[in-house]
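This report concerns only the one structure given below.
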Amino acid sequence: MLQAVINAFRISDLRRKILFTLGMLVIFRIIAHIPVPGVDFAALQGAFDPNSQFGGLINLLNIFSGGTLQNFSVAAMGVYPYITASIIIQLLTGVVPRLTELSKEGEAGRNQLNRYTAWLTVPLAALQAFAQAQLLQSQFGALPAFGQDIMITLTVLISLVAGTMFLVWLGERITEHGIGQGISIIIFGGIVAGLPTQIFQLGQSGTTGTSLFSMLLFVVLGLVTVVGIVLINEGQRRIPVHYSRSIMRGGRMMRQAGSSFIPLRVNSTGMIPLIFALSIMSFPVIVAGFFTAASTGWVRDGALWLYNTFQPTSAPYNIIYFFMVVAFTFFYTSVVFGQQRIAENLQKSGGAIPGIRPGPNTDRFLTTVLNRITVAGALFLGIVAVLPWVASVITGVTLLNFSSTSLLIVVGVAIDTMKQLESQLLMRRYEGFISR
């Protein structure tokens, strides 16, 4: 591993890419410490009390933002509005004929889809900025002038939207000039930046009565989860494919054969089902919070019941969360697989699966195989989604809020980045990180 790192820095263009990526991450962390105007930091800290009304939700959002929500910086929303826009555009691509045509137009079509994604990010970021600022102001008084002073309100919203779009720009620069997928690297950097604080909290939990055995068990469960994520992310079913084509040789028509395979991944959706489910599960809590102080009794009681039911530490929340993750995994896998048109492309290129007729029969066969292996991937994602809650119930360690989605992001981005570095080294005849 050490020799591979040395080899990577010996290559000038690879060294430049690594240093460029690190430089962009440094800029991101600087932006993460610039607060929006008008923040009452004393009131803001009360929002992160685990015993407060929205403590669990606020702390979860803070993890995904890389700790930027804790000082309500201009980067408090991270790049998640862009991810939401990307998911919406991807889903619409299989429904809207115009977007479907663009997806088939190669590089030019992808560039146009990326522009649509960027345009959609702006209103989504504005809506999320307003909701986040309104929540912090109405429940904790963290933005006293928000909603009262029009200039302060517009400044807060514009600052948050601009911060998100700047992070998206940084991510695009990393993709173009650095190592790895830029947006994923930005998310990775934000999550990893919060790790030291959470590890310190875990170490301090020994002073609050948590046994050493419970903490060790929690760490072991975390390591097992990481191993499972690696195995599932890399797991695939290889479907053999035979190709035949006719060529003219010596004035005679001859047939030439070849073989390859279609890699169907056990988890072809990544973290997207978790993001879908988490967004929907957070919505009832946010809505209920505005009615918990209602003067009408049945409205207040209903809001309190909804708020308590959808707390991340409750059993009903985690049971519903598990089934939603499983359902979204199957749904999104079918959407992505349908957009790839593998059976159609195979038939056009002269490829066929042995024993399966080309066309609709091939499509049905691949769909059946994919659904079977997706069962393992969906159940695994569901288990990973609720594992932090299970671990806290078993071990009693509740101070470490590092979620399953964070683990999936960190491990997945690390693997993808290592693979890119591996391929760069192998192209230059160096021994890589993985191929040892």
Side-chain angles (χ1 to χ4, degrees), residues 83-117 120 175 181 183-184 232-249 253-273 275-276 326-378 381 412 416 419-420 423:
I83 293 177
T84 304
S86 300
I87 294 171
I88 293 174
I89 293 296
Q90 192 169 12
L91 292 175
L92 291 178
T93 300
V95 179
V96 180
R98 171 58 181 162
L99 298 181
T100 304
E101 293 174 4
L102 286 175
S103 67
K104 299 178 181 178
E105 293 179 3
E107 186 71 22
R110 285 194 296 272
N111 290 338
Q112 185 61 43
L113 288 175
N114 290 336
R115 281 193 287 270
Y116 288 157
T117 303
L120 182 59
T175 301
Q181 208 284 328
I183 298 298
S184 299
I232 293 295
N233 280 352
E234 296 301 300
Q236 57 183 228
R237 168 78 180 275
R238 296 185 174 185
I239 307 296
V241 178
H242 290 172
Y243 292 91
S244 62
R245 59 177 180 171
S246 299
I247 60 173
M248 184 69 70
R249 180 174 297 176
M253 186 68 71
M254 301 181 63
R255 297 190 67 82
Q256 190 175 47
S259 62
S260 182
F261 63 87
I262 302 172
L264 298 179
R265 300 178 67 89
V266 176
N267 176 23
S268 57
T269 59
M271 63 179 179
I272 291 178
I275 294 177
F276 274 3
V326 172
F328 276 129
T329 301
F330 278 99
F331 168 74
Y332 194 70
T333 298
S334 66
V335 170
V336 173
F337 179 75
Q339 293 175 359
Q340 292 174 342
R341 296 179 175 84
I342 296 177
E344 179 182 337
N345 294 331
L346 272 180
Q347 191 172 15
K348 290 179 179 178
S349 60
I353 300 173
I356 307 296
R357 289 184 177 182
N361 288 338
T362 296
D363 186 61
R364 283 194 294 269
F365 172 77
L366 292 175
T367 302
T368 301
V369 174
L370 184 64
N371 287 337
R372 288 175 179 173
I373 64 176
T374 301
V375 171
L381 283 181
D416 290 341
K419 284 182 176 179
Q420 286 201 25
S423 63

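It should be emphasised that the depicted structure is a prediction, and the values quoted were computed from it without experimental measurement.
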Side-chain donor-acceptor distances from residues 234-241 under 3.5 Å, at least two apart:
from: Glu234; atom 1: OE1; to: Lys419; atom 2: NZ; distance (Å): 2.7
from: Glu234; atom 1: OE2; to: Lys419; atom 2: NZ; distance (Å): 3.1
from: Gln236; atom 1: OE1; to: Arg238; atom 2: NE; distance (Å): 3.0

Ile353 side, atom CD1; Leu366 side, atom CG - distance, nearest 0.5 Å: 4.0 Å
Test log, rule side chain to side chain contact (heavy atoms under 4.5 Å, CB included), inputs Leu346 and Ile262: CA-CA 10 Å; Leu346 272 180; Ile262 302 172; 3.5 Å; yes
Partners passing side chain to side chain contact (heavy atoms under 4.5 Å, CB included) against Ser268 (at least two apart in sequence or in another chain): Arg265, Thr333
Evaluation steps, side chain to side chain contact (heavy atoms under 4.5 Å, CB included), between Val375 and Val326: CA-CA 8 Å; Val375 171; Val326 172; over 6 Å; no
Tyr116: ring-ring contact (aromatic ring centres under 6.0 Å, His included) partners, not counting sequence neighbours: Trp119
For Leu92, side chain to side chain contact (heavy atoms under 4.5 Å, CB included) partners two or more places apart: Ile88, Val96, Leu99
Non-neighbouring partners of Arg357 that pass side-chain hydrogen bond (donor to acceptor under 3.5 Å, both in side chains), sequence neighbours left out: none
Residues that Ala352 engages under side chain to side chain contact (heavy atoms under 4.5 Å, CB included), provided they are two or more places apart: Pro358
Nearest heavy atoms of Thr117 and Ser86, plus distance in Å: CG2-OG, 3.4 Å
Set of residues satisfying side chain to side chain contact (heavy atoms under 4.5 Å, CB included) with respect to Asn111, sequence neighbours excluded: Glu107, Asn114, Arg115
Within-4.5 Å side-chain heavy-atom neighbours: Ile232 and Leu381: no
Partners passing side-chain hydrogen bond (donor to acceptor under 3.5 Å, both in side chains) against Ser184 (at least two apart in sequence or in another chain): Gln181
Heavy-atom pair with the smallest gap, counting every atom of Ile373 and Val266: O-CG1, 3.6 Å
For Arg364, all residues meeting side-chain hydrogen bond (donor to acceptor under 3.5 Å, both in side chains), sequence neighbours excluded: Asn361
Non-neighbouring partners of Phe337 that pass ring-ring contact (aromatic ring centres under 6.0 Å, His included), sequence neighbours left out: none
